[in-house]
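Working notes for the structure below.
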There are 2 protein chains.
Amino acid sequence: MVPTSATGSLTDERPMRADAQRNYERLVLAAREVLRESGTESSLEEIARRAGVGIGTLYRRFPTRLSLLEAVYREDVDALAVSTTRLVEQEQPWEALEAWVWVLLDYAATKRALFQELVDAAGRDSELLTHSRETVIGAAGLVLRNAQEAGVARAEVEPSDLLRLVGGCTMMGELESEQQKRVVAIVLGGIRAAA
Amino acid sequence: MVPTSATGSLTDERPMRADAQRNYERLVLAAREVLRESGTESSLEEIARRAGVGIGTLYRRFPTRLSLLEAVYREDVDALAVSTTRLVEQEQPWEALEAWVWVLLDYAATKRALFQELVDAAGRDSELLTHSRETVIGAAGLVLRNAQEAGVARAEVEPSDLLRLVGGCTMMGELESEQQKRVVAIVLGGIRAAA
DNA sequence: TTGCAAAACGGAGGCTGCCTCCGTATTGTT
DNA sequence: AACAATACGGAGGCAGCCTCCGTTTTGCAA
């Protein structure tokens, strides 16, 4: 999953230079480590330090905090998309939605930092459509539309509403599992179409 | 509303010294101003600067970021409590709850910074029961219990759930009014007891 | 191989913010 | 008027963000 070019866009002619690629890997590795330890508070300098790389290198490779987070969690984000598809194919629409919310929560629990900044940047920055945002919103849309077409979810709910509700309230501070259950129940209850 | 003693606790014998009181007022004034401009990002140094006061003075008076926010919004928080009581007395239980959510949103809109840190500190710090937290949670409890006793709100919902849902998801970034309406509708739908 | 330009590195440095500490100034009380 | 008690304020230490640019590394081409 290590790209051989910085952007993955169509305009890369050359592969990354060997040292660049090595440092890329080190940075992502260190970032994952530091993020696990310090979450949202993680310092970029600490990450660079841990990676044994100059701060300048970090900034060259990842101009944005978000871009680093994305690199770290890219695989996980893609995995979310995959398991979303599976849910939609194998479960009943409502059950899929229910299950998906829990998948999202579980997912968010280990990716607070990314999620925080992602939801945060949901409104503004709408220019910079990052891979993660597209993917997560896409997943939400898939499972939601599926439920709506089956008539089990209210038609007016939008994917971003789902993210807000599930992500938003969960993202702030920890949530004990009891409260988590209650909150999810409330959200699901509010989304379910009246019988 | 300017206290004549730093803590308001039982142990203050003397009133604040004149200069202390003057600076207190200046600080709160400046803080309100800066908070309006910069929200959560507000810098304490900027506030001190704006107040024409040394940074040391700020820290002596408000050892904690939260304590400053509280001072700024103390009156507003109390006002929330008052209008909560009024709602409960004058409206039907469910209507009161509905209206209260909107009051809370409106309230939160101008007090993002306080709210953010408040909800954030909801779990940990449970020792330090600040005035604001008690007040806000108390208000949520009042309106919620009222609805529950009337049988129009699910019994298992807790006050902090309400804060999480309404505050949490709203607090992250801006929310356009359309989305706000949808999100509130979902939350209320999930709280309402099944008929 | 060797040479060389393109690519990448890395950290110093400028800026800002957090917070503490302590010498100095202001009060108000006797 | 004098003297504690109280309060002030900012220097200074630490850390993080980000940029800029002189130095090093790499890989292609001769």
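A note on names: the letters A, B, ... follow the listed sequences, proteins ahead of strands, and every chain is numbered from 1.
Side-chain contact between B:Leu87 and B:Val143 is absent, with no heavy-atom pair separated by less than 4.5 Å.
A:Tyr107 meets the ring pair (Phe, Tyr, Trp, His ring centres under 6.0 Å) test with no other residue; sequence neighbours excluded. Checked against salt bridge (Lys or Arg N to Asp or Glu O under 4.0 Å), B:Arg182 has the following partners two or more places apart in sequence or in another chain: A:Asp161.
Within the structure, side-chain hydrogen bond (donor to acceptor under 3.5 Å, both in side chains) contacts touching residues 136-160 of chain A (residues at least two apart or in different chains) are A:Ser160-B:Gln179.
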Report, as a single string ordered 5' to 3', how protein heavy atoms within less than 4.0 Å touch nucleotides 23-30 of chain C: B base, S sugar-phosphate only, - not at all.
---BSS--
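For B:Gln90, the CD atom is densely surrounded, since the number of other residues' heavy atoms within 6.0 Å is greater than 12.
Non-hydrogen atoms lying under 4.0 Å from DNA chain D are contributed by nothing in residues 32-52 of chain B.
Between B:Glu46 and B:Arg49 a salt bridge is recorded (basic side-chain N to carboxylate O distance below 4.0 Å).
One atom, CZ of B:Arg61, and another, C1' of D:dG9, lie 13 Å apart when rounded to the nearest Å. In this entry the distance linking OH of A:Tyr24 with P of C:dC9 reads 13 Å, nearest Å. Spacing between atom CG of A:Leu58 and atom P of D:dC17 amounts to 10 Å, rounded to whole angstrom units.
For the atom pair CG of B:Leu114 and CZ of B:Arg65, the computed distance is 11.5 Å after rounding to the nearest 0.5 Å.
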Exercise answer: donor-acceptor pairs, residues 94-101 of chain A side-chain atoms, under 3.5 Å, sequence neighbours excluded:
from, atom 1, to, atom 2, distance (Å)
A:Trp94, NE1, A:Glu98, OE2, 3.2
A:Trp100, NE1, A:Thr84, OG1, 2.9

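Checking D:dT19, C:dC19, C:dC9 against every side-chain atom of B:Tyr59, the shortest atom distance belongs to C:dC19.
Both B:Gly56 and A:Arg60 sit near DNA chain C, but only A:Arg60 has its closest nucleotide nearer the 5' end.
Taking side-chain N and O atoms only, B:Arg65 has a distance below 4.0 Å to OP1 or OP2 of C:dC18. Contact between the side-chain N/O atoms of A:Thr57 and the OP1/OP2 oxygens of C:dG10 is found at a separation under 4.0 Å. Regarding contacts with the backbone of C:dC9, a side-chain N or O of A:Asn23 is found under 4.0 angstrom from either OP1 or OP2.
Separation of the B:Phe62 and B:Tyr24 ring centroids falls under the 6.0 Å cut-off.
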